[in-house]
Engineer: 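Structure below; questions to follow.
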Amino acid sequence: MKFTFRVSPNYRQPLSTQWIMTELTLCIAVVLGYNVVYYYLNPNLGPEYAIHALSMIATSLVVAIGTEALWAKFYAKKPVLKYLTQSFPWVTALLFVGMMGVNKPLYVIIVGSLVSTLIGKLIFGGFGQNIFNPAGVGRAFSVLAFGGFIASQFPDVVTGATPNQVMESLGWVITKPEAVTAYLNQFNGLWGLFSGQYVGAIGETNTLLIMLVGLYLSVRKIIDWRVPVVFIASLFTFATIIMYFKGMGWWYPIFSISTGGAMFGAVFMLTDPVTSPTSIPGRIIFAIGVAFLATLIRVKGHLPEGVIRSILFMNMVTPLIDRGLDGWPLKAMKKYAFTIGTVFAVSLLTVSFTATTISYKEPYVPEDSIPNLGDPILFSTLPTAGNVNIVSTTVTGDITTFVIETKGHAYEAEWETDPKPNVIEVKINTVTKTIVSVTFVTYHDTASLQYATSHPVFLKQFDGLSIIVDNSVDVVIGATFTTDSVIRAVNAAIAAVLTPQ
Amino acid sequence: MPLWIGPMNAHLNGHKELTSHNEIVTVKPKGEVYIPLSNGNNAAVEVLVKEGDKVKVGTLLAKRSVPFVVPIYSSVSGTVGVVKSMMHAVMRPCDHLVIVSDGKFEKAQSFSPIDYTSATRDELVDFIMNSGLMGCGGAGFPTYIKYKNPVNIHTLIINAVECEPYITADYRTMKEFLDDLIYGTKALLKASTAKEAIIAIKKNKVEVCTKIQALLANEPQIKLFMTPDKYPMGWERTLVYEFTHKRYDKLPSEIGVIVNNATTAIALAQSLKYGSAIDEKIITFSGDGLKHPVNVKVPYGTTVKEIVEAIGGYSAEDVLVIAGGPMMGKTIPTDNFVITSYSNAITILKTTPQEAIPCMRCGRCNDTCPAGLLPVRINNAEAVADLDLIVKLAADQCIECGMCSYICPSRIDVTEGVRRAKRALMLRKK
């Protein structure tokens, strides 16, 4: 007989950290899965997007798990499998990739995932020791390292601008009802925005789904319900203040909790136990702080995606919050109430003051920007027909010149009250079956986006391309959502050449 | 409860079904019993019998008078042996008086029974003192102390919550002696000077609740209070808060409440009626380390080893023997220790591998701490030996209920960290 000694208590609840992480992983997978399916079913996107999203997820997972495995073997010198099952690298990997737009090339994911795991987590001592949210670190690093290309998630032909990015360009204030409608229609309206009917980061778009997942996680006691509730309520309140001062409609606060990864941050990022305070009042202050900073960064900073930055900033003050609330909580209820109240009141006042300083601004047009050339994979499924009108066809020897009118972004977004089509000239060599040149005759889309589409670097890509490869143009995608008018024009010209007379 | 404090309790799987309905087994010691002479502390004790004396069940063997008066009575009849040091249920060796049982269990009257209705309050409190009654909730605090000078007491709470997992001893004792429960409650009510008594019991114990309710029909001063099935609902502070929604500083008497365990009330009733001290106890022997978990009725002083053998033995080669329930009970690295007059359970669990992983700072321990402390912060402060911070975090308020370790999903011994912090505080005070 052996009588083992162990310190009391000798009774443990069934829920283990390993199981918490497993359920959390499944929940993130559900959110990412929604978007993969959405891309697959969306006629404008199709399987290629879905496959690209999946390869992004796989890449992120492989890099994160691989990094930790190497770390375990060569640095920590511990059994690799055991280290991994107690360190949960896949959670970081999924959260990181969930914050990346679907148009990101894989090398960005590789670098970001590596930074998340290595710099965000391992060098601090691994799971439980890191100061900053590792996924947030990777995300912030990607923004800095890959510049506007990542930060603004600059749209490719199909995916369009992110909601916050457009808001950013407009100074976060839209008051004209028709402009509001036009703006929201880009994302299939407020409901579309809320339920993820648009393309953005591959985990962040479906606010409704993330909310339901958050509800599930709260009921299962995987996360503390107070954190997302306080955060979203604060964000909503601050947006309501701005709405009130600027005379905007109720769409604005709803918009503000539906975009920019607000709900994703609320459910998955703020609730990261490692980097948030350990006491309930601490977590409440943390959530209010993130909402406050995110609001300020959105309306006053020059960068979208304020939620991640705010989380990282609040991660930094987490030890301070913990230290400040040390004591005997049962005897400090009044102090806690006072502290929480003060933090909220100061935030509210600051937001109110800030609201008076912002106003609608004309979109910013850079002088000599060079469009970013993205990944060449996302292109050949574009619609070839519709909205095109061949105005004239001129044959000069081998060269046929088409002048084509096509409705550009102006028709979809309708910023201008009087939208006009873009007029594009496409020259095709009918003997060599190649494109000679593509040029704009007149440009009528949003001024801020003209530089990208009409820029020689973008248009030059078409020169010399064969038109008979698979009856569609396959080029490196350009950088703005207006480009689809160009593609459509080119495709129409090709169709005209190839169609037997 | 405000938004910024956690639930301060949790529902535990009690495993009570293992022992709540099967037959109570009577175990009589065959040879020696060992009567603990102290409570694990080294209080001075005056032994009143000599080696070779013949004693009966109920013979006064010894008396402690510092710091509290505690007479010690024999639980068997037989011959007095030597005083011997052995392991006690508090996990410290202490002196035990050996009695060699003659197997007859002849009874002697320890003191004269009294009628509490005609006795004065002072007589009643003296009676409780002389009966050697100690709170049967597990702490073994002499009962009479609470009733010495009651000031502005309005409520007596009879604690029948029994929130520790596995333990059903109180429940079974109550079911066995329902009339004594009411009788003892009325006696304590008189001693307490309170206007009303509350019998607090978990609401899922429907059967007993119904029976008590029926008995209370003609007892206007006693009410039944049904509590949620949460741990540690049976802790004085949690129970008093649940009932009064008030918190107190040190003792519940500050807010006019006295709390006593249900088995204590029953033991008092029996002492009053028969003039005998506690000699036998119903003890829960439960857990997956036993072949046949069961409640046993056994004279105190019997070793755990003897009882386990009598009820069918262990179910594994490697077990944890816990004096009490698995939450607050201490693991004793031997089964050669005895049941005390205030024991209520021995939990035997199979030793299963358990490995802690790094703390993820989830704060679940903070949210559920029944004392409203911040166990993870206390652990952190202890790790860097920051005594001032430990004081600030009120580590001395911890009662070691075990909730923080229980709730920790990373299987860290949080409670042990808080214990170390408390010890560090004690050392500094010295």
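Because the structure is predicted, anything quoted here is derived from the model rather than measured. Numbers restart at 1 for each chain; the letters A, B, ... are given by sequence-line order, proteins then strands.
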Engineer: Is it true that atom CZ of B/Arg423 has more than 12 heavy atoms of other residues, nucleotides or ligands lying nearer than 6.0 Å?
Structural biologist: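 Atom CZ in B/Arg423 is crowded, with more than 12 foreign heavy atoms closer than 6.0 Å.
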Engineer: Indicate the atoms forming the closest heavy-atom contact of B/His15 with A/Tyr11, along with that distance.
Structural biologist: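 Where B/His15 meets A/Tyr11 most closely, the heavy atoms are CD2-OH, 2.9 Å.
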Engineer: Taking side chain as everything from C-beta outward and backbone as N, CA, C, O, which of these in B/Ile407 sits under 4.5 Å from a heavy atom of chain A? Side chain, backbone, both or neither.
Structural biologist: both
Engineer: Could you give me the CA-CA distance, side-chain angles and deciding distance for B/Trp4 and A/Thr339, then say whether side-chain contact (heavy atoms from CB on, under 4.5 Å) is met?
Structural biologist: CA-CA 11 Å; B/Trp4 44 91; A/Thr339 313; over 6 Å; no
Engineer: Side chains of A/Ser16 and B/Arg411, heavy atoms from C-beta outward: is any pair under 4.5 Å?
Structural biologist: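 Counting from C-beta outward, A/Ser16 and B/Arg411 do come under 4.5 Å.
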Engineer: Dump the intermediate steps for side-chain contact (heavy atoms from CB on, under 4.5 Å) on A/Met1 and B/Asp335, then the final yes or no.
Structural biologist: CA-CA 10 Å; A/Met1 238 9 253; B/Asp335 57 358; 5.7 Å; no
Engineer: Between B/Arg364 and A/Ile20, is a side-chain contact (heavy atoms from CB on, under 4.5 Å) present by the stated rule, with each step listed?
Structural biologist: CA-CA 12 Å; B/Arg364 281 176 173 78; A/Ile20 288 173; 3.5 Å; yes
Engineer: Heavy atoms, side chains only, cut-off 4.5 Å: are A/Phe3 and B/Thr331 in contact?
Structural biologist: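 Result no, sub-4.5 Å side-chain heavy-atom pair not found.
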Engineer: What part of B/Cys362 gets closer than 4.5 Å to chain A, counting heavy atoms only: side chain, backbone, both or neither?
Structural biologist: both
Engineer: How would you list all residue pairs meeting side chain to side chain donor-acceptor pair (under 3.5 Å) that involve residues 326-337 of chain A, not counting sequence neighbours?
Structural biologist: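 Found A/Asp326-B/Arg377.
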Engineer: Can you confirm whether more than 12 heavy atoms, excluding those of A/Phe5, are under 6.0 Å from its CZ atom?
Structural biologist: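 Yes.
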Engineer: Between A/Ile340 and chain B, with a heavy-atom cut-off of 4.5 Å, which part of the residue counts as in contact: side chain, backbone, both or neither?
Structural biologist: side chain
Engineer: Identify which part of A/Tyr83 has an atom lying under 4.5 Å from any heavy atom of chain B, answering side chain, backbone, both or neither.
Structural biologist: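 A/Tyr83 has no heavy atom closer than 4.5 Å to chain B.
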Engineer: Determine the minimum heavy-atom distance between B/Gly372 and A/Pro329, stating which atoms define it.
Structural biologist: O-CD, 2.9 Å
Engineer: Counting only heavy atoms closer than 4.5 Å, note whether A/Thr318 contacts chain B via side chain, backbone, both or neither.
Structural biologist: side chain
Engineer: Just wondering, more than 12 heavy atoms not from B/Lys305 lying within 6.0 Å of its NZ?
Structural biologist: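 Incorrect, the count does not exceed 12.
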Engineer: What residue in A/Lys2, A/Arg12, A/Arg226 has the most heavy-atom pairs under 4.5 Å with chain B?
Structural biologist: A/Arg12
Engineer: Restricting to non-hydrogen atoms, name the atom on A/Asn10 and the atom on B/Leu349 that form the minimum distance, rounded to 0.1 Å.
Structural biologist: O-CD1, 3.4 Å
Engineer: For a quick test of reading the model, state the closest non-hydrogen atom pair linking B/Met327 to A/Pro9 and the distance between them.
Structural biologist: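 Here B/Met327 and A/Pro9 meet closest at O-CB, 3.2 Å.
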Engineer: Can a donor-acceptor pair be found, under 3.5 Å and without considering hydrogens, that links the side chain of A/Thr4 to the backbone of B/Leu320?
Structural biologist: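 Not confirmed, A/Thr4 side chain does not pair with B/Leu320 backbone.
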Engineer: Do we see a donor-acceptor contact under 3.5 Å between the side chains of A/Ser279 and B/Asn366?
Structural biologist: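 No.
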Engineer: Looking only at heavy atoms, which of residues 307-315 of chain B get nearer than 4.5 Å to chain A?
Structural biologist: B/Tyr314
Engineer: Pick one: which of B/Arg419, B/Glu416, B/Glu400 meets side chain to side chain donor-acceptor pair (under 3.5 Å) with A/Ser8?
Structural biologist: B/Arg419
Engineer: With only heavy atoms counted, which part of B/Val319 is less than 4.5 Å from chain A, the side chain, the backbone, both or neither?
Structural biologist: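 Both backbone and side chain of B/Val319 come within 4.5 Å of chain A.
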Engineer: Side chain, backbone, both or neither: which part of B/Pro358 has a non-hydrogen atom closer than 4.5 Å to chain A?
Structural biologist: both
Engineer: Can you tell me if CH2 on A/Trp19 sees more than 12 non-hydrogen neighbours from other groups inside 6.0 Å?
Structural biologist: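 Result for CH2/A/Trp19: open.
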Engineer: Suppose we screen for side chain to side chain contact (heavy atoms under 4.5 Å, CB included). Which residues come up paired with B/Ala424, at least two apart in sequence or across chains?
Structural biologist: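 In terms of side chain to side chain contact (heavy atoms under 4.5 Å, CB included), with neighbours along the sequence ignored, B/Ala424 is linked to B/Leu387.
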Engineer: Report the option among B/Gln397, B/Met328, B/Met403 that has the most heavy-atom pairs separated by less than 4.5 Å from atoms of chain A.
Structural biologist: B/Gln397
Engineer: Near A/Lys221 NZ, under 6.0 Å, is it more than 12 heavy atoms from other residues, nucleotides or ligands?
Structural biologist: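 Counting neighbours around NZ of A/Lys221, 12 or fewer heavy atoms of other residues, nucleotides or ligands fall under 6.0 Å, so no.
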Engineer: Quick one: what part of B/Ser410 sits under 4.5 Å from any heavy atom of chain A, side chain, backbone, both or neither?
Structural biologist: both
Engineer: Crowded around A/Phe313 CZ? As in, over 12 foreign heavy atoms under 6.0 Å?
Structural biologist: no
Engineer: Taking atom CG of B/Asn380 and atom CG of A/Asp322, what is their separation to the nearest 0.5 Å?
Structural biologist: 8.5 Å
Engineer: Kindly say whether A/Thr275 contributes a backbone atom to a donor-acceptor pair with the side chain of B/Arg361 at under 3.5 angstrom?
Structural biologist: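 No: the side chain of B/Arg361 does not pair with the backbone of A/Thr275.
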Engineer: If the condition is ring pair (Phe, Tyr, Trp, His ring centres under 6.0 Å), which residues does A/Phe286 pass it with, not counting sequence neighbours?
Structural biologist: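 Counting only residues at least two positions away or on another chain, A/Phe286 forms no ring pair (Phe, Tyr, Trp, His ring centres under 6.0 Å).
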Engineer: If you count the non-hydrogen atoms of other residues, nucleotides and ligands that lie under 6.0 Å from NZ in B/Lys330, is the total more than 12?
Structural biologist: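 At most 12 heavy atoms, drawn from other residues, nucleotides or ligands, come within 6.0 Å of this atom.
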Engineer: Check whether B/Leu389 gets within reach of chain A through its side chain, its backbone, both or neither, counting any heavy atom under 4.5 Å.
Structural biologist: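 For B/Leu389, the side chain is the part near chain A, not the backbone.
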Engineer: Roughly how far apart are B/Thr351 OG1 and A/Arg6 CZ, rounded to 0.5 Å?
Structural biologist: 6.0 Å
Engineer: Please name the pair of heavy atoms, one in A/Ile280 and one in B/Gly6, separated by the smallest distance, quoted to 0.1 Å.
Structural biologist: CD1-N, 3.2 Å
Engineer: Please state whether the side chain, the backbone, both or neither of B/Ile348 comes within less than 4.5 Å of a heavy atom of chain A.
Structural biologist: neither
Engineer: What part of B/Ala316 lies closer than 4.5 angstrom to a heavy atom of chain A: side chain, backbone, both or neither?
Structural biologist: backbone
Engineer: What are the two closest non-hydrogen atoms of B/Leu393 and A/Gly327, and how far apart are they?
Structural biologist: CD2-N, 3.4 Å
Engineer: For each of A/Ala337, A/Gly126, A/Pro277, tally heavy-atom pairs with chain B at distances under 4.5 Å, and name the one with the top tally.
Structural biologist: A/Ala337
Engineer: So for A/Arg283, is it side chain, backbone, both, or neither that comes closer than 4.5 Å to the heavy atoms of chain B?
Structural biologist: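 Answer is side chain: those atoms of A/Arg283 sit under 4.5 Å from chain B.
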Engineer: Could you tell me the separation between the CD atom of A/Gln13 and the CG atom of B/Asn13, rounded to the nearest 0.5 Å?
Structural biologist: 12.0 Å
Engineer: So for B/Ala371, is it side chain, backbone, both, or neither that comes closer than 4.5 Å to the heavy atoms of chain A?
Structural biologist: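 Backbone of B/Ala371 only, per the 4.5 Å heavy-atom cut-off to chain A.
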Engineer: I need the A/Asp224 CG to B/Asp367 CG distance, nearest 0.5 Å.
Structural biologist: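 One gets 6.0 Å once the value is rounded to the nearest 0.5 Å.
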Engineer: Could you tell me which portion of A/Asp272 (side chain, backbone, both or neither) has an atom closer than 4.5 angstrom to a non-hydrogen atom of chain B?
Structural biologist: neither
Engineer: Shorter than 4.5 Å, heavy atoms on both sides: which option in B/Cys359, B/Ala394, B/Pro333, B/Cys401 has the most such pairs with chain A?
Structural biologist: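 Option with the top pair count is B/Pro333.
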Engineer: In terms of heavy-atom pairs under 4.5 Å with chain A, which of B/Gly289, B/Ala395, B/Gly402 leads?
Structural biologist: B/Gly402
Engineer: So which part of B/Ile390 gets closer than 4.5 Å to some heavy atom of chain A, the side chain, the backbone, both or neither?
Structural biologist: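 For B/Ile390, neither part sits under 4.5 Å from chain A.
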Engineer: Please state whether the side chain, the backbone, both or neither of B/Gln354 comes within less than 4.5 Å of a heavy atom of chain A.
Structural biologist: both
Engineer: For each of B/Pro409, B/Cys369, B/Ala381, tally heavy-atom pairs with chain A at distances under 4.5 Å, and name the one with the top tally.
Structural biologist: B/Pro409
Engineer: What part of A/Ser87 lies closer than 4.5 angstrom to a heavy atom of chain B: side chain, backbone, both or neither?
Structural biologist: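 When you check distances to chain B, no heavy atom of A/Ser87 falls under 4.5 Å.
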